[in-house]
Amino acid sequence: MTLNELGALGSAIGGIVSTLSFYKDMKPQPDDSKLSEKRKSAINLTLEAARLTRVYLYDSNQTGEQDRIREADLSKVWLKASEALHQIDPQLCKIAQVKAFGWAEPNRWQELKQNVSTIKIDVIIEQCNYLLEEST
């Protein structure tokens with residue numbers, strides 16, 4: 001192979017590399033509006049879990065009875081909230097997990113809540129409101 005042929009081959013390879021770099025840079029970037037919607041959705045799911053928990057606690061206090069079906073539903077909602085919060089607020093995610101497993105096994109509340117700073121609904125709502133304000 002002659003020097004000119006090597007030069008041409010090098011230019012061709014350089015062109016291919018440049019083209020590949022260009023297409024790599026053209027890949028879709030995360031859409032901020034989609035991230036923002038995902039964030040709002042996660043926060044709203046958490047607020048809904050908090051609301052449903054308050055409704056259940058009020059009803060339970062009024063009747064003096066425990067409703068395992070509703071507690072299982074609360075467990076599912078809190079677990080969905082924790083999944084949605086995973087990349088948004090790791091601490092709130094962990095609190096939602098404790099809520100999920102606490103409602104799944106109410107006899108373990110004391111043990112589970114030792115893993116987080118708080119499980120109080122008012123604090124959770126306050127953090128959600130903070131996150132909503134932060135995203136606007």
Side-chain angles (χ1 to χ4, degrees):
M1 198 175 255
T2 68
L3 198 53
N4 284 340
E5 290 173 329
L6 282 175
L9 182 60
S11 292
I13 291 173
I16 291 171
V17 169
S18 293
T19 301
L20 291 175
S21 293
F22 172 79
Y23 282 111
K24 183 185 118 218
D25 292 340
M26 290 293 294
K27 72 180 179 185
Q29 297 299 314
D31 183 357
D32 287 343
S33 65
K34 286 182 183 177
L35 291 175
S36 179
E37 285 305 313
K38 187 175 180 179
R39 179 183 177 95
K40 286 178 187 174
S41 177
I43 296 165
N44 286 328
L45 185 58
T46 306
L47 287 169
E48 179 64 5
R51 186 191 69 78
L52 291 171
T53 300
R54 278 197 169 159
V55 169
Y56 173 70
L57 291 173
Y58 177 83
D59 292 347
S60 181
N61 286 335
Q62 293 299 307
T63 64
E65 295 181 16
Q66 188 176 6
D67 183 339
R68 286 299 298 144
I69 293 171
R70 285 177 71 187
E71 290 175 354
D73 290 341
L74 285 173
S75 176
K76 289 176 191 174
V77 172
W78 280 109
L79 189 59
K80 286 180 183 177
S82 74
E83 291 168 355
L85 290 165
H86 180 69
Q87 293 182 347
I88 295 166
D89 187 325
Q91 184 61 30
L92 195 53
C93 169
K94 194 171 182 179
I95 292 169
Q97 285 177 343
V98 167
K99 289 283 198 184
F101 291 105
W103 286 116
E105 292 183 89
N107 59 326
R108 293 188 60 210
W109 274 116
Q110 293 303 315
E111 171 193 346
L112 292 169
K113 72 180 188 178
Q114 292 177 14
N115 297 316
V116 292
S117 58
T118 187
I119 59 169
K120 293 181 179 178
I121 296 293
D122 289 337
V123 174
I124 293 168
I125 293 169
E126 195 175 295
Q127 179 64 13
C128 286
N129 288 331
Y130 170 78
L131 291 171
L132 284 173
E133 288 173 14
E134 186 181 64
S135 64
T136 56

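The structure presented is a predicted model; accordingly, all values stated were derived computationally and were not measured. Side chains are part of it too, since the values below use all heavy atoms of this structure and drop only hydrogens, waters and symmetry mates.
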*Closest non-hydrogen atom pair, I121 against A50*: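 Looking at all heavy atoms of both residues, the closest pair is CG2-CB, 3.9 Å.
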*How close do L85 and A96 get, heavy atom to heavy atom, and via which atoms?*
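Looks like CD1-CB, 4.3 Å.
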*Do I124 and L45 share a hydrophobic cluster (ILVMFWY, side-chain heavy atoms under 4.5 Å, transitive)?*
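In one cluster with I124: L45, no.
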*Indicate if I125 and L57 have the same hydrophobic cluster label, given that clusters are the connected sets of ILVMFWY residues with side-chain heavy-atom separations under 4.5 angstrom.*
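Yes.
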Separation between [atom1] of [X] and [atom2] of [Y], rounded to the nearest 0.5 Å:
| X | Y | atom1 | atom2 | value |
| --- | --- | --- | --- | --- |
| L131 | L92 | CG | CG | 6.5 Å |
| E65 | R70 | CD | CZ | 11.5 Å |
| I88 | K40 | CD1 | NZ | 12.0 Å |

*Could you walk me through whether L132 and L47 pass the side chain to side chain contact (heavy atoms under 4.5 Å, CB included) test, one step at a time?*
CA-CA 11 Å; L132 284 173; L47 287 169; 4.0 Å; yes
Considering residues at least two apart in sequence or located in another chain, which fulfil the salt bridge (Lys or Arg N to Asp or Glu O under 4.0 Å) criterion with [X]?
| X | answer |
| --- | --- |
| E126 | none |
| R51 | E48 |
| E83 | none |

*By side-chain contact (heavy atoms from CB on, under 4.5 Å), which residues pair with T118, not counting sequence neighbours?*
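T118 satisfies side-chain contact (heavy atoms from CB on, under 4.5 Å) with I95, K120, V123 only.
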*Does T46 use its side chain to pair, donor to acceptor, with the backbone of A42 at less than 3.5 Å?*
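Yes, T46 side chain to A42 backbone: donor-acceptor pair under 3.5 Å.
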_Residue pairs passing the side-chain hydrogen bond (donor to acceptor under 3.5 Å, both in side chains) test where at least one lies in residues 87-103, sequence neighbours excluded_ =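 Sorted pair list: D89-Q127.
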Please output the side-chain donor-acceptor pairs of residues 71-82 that fall under 3.5 Å, not counting sequence neighbours, one pair per line with the distance.
unit_1 : atom_1 : unit_2 : atom_2 : d
E71    : OE1    : Q66    : NE2    : 3.0
E71    : OE1    : R68    : NH1    : 2.5
E71    : OE2    : Y56    : OH     : 2.7
E71    : OE2    : Q66    : NE2    : 3.2
S75    : OG     : A100   : O      : 2.7
W78    : NE1    : T53    : OG1    : 2.8
S82    : OG     : L79    : O      : 2.8

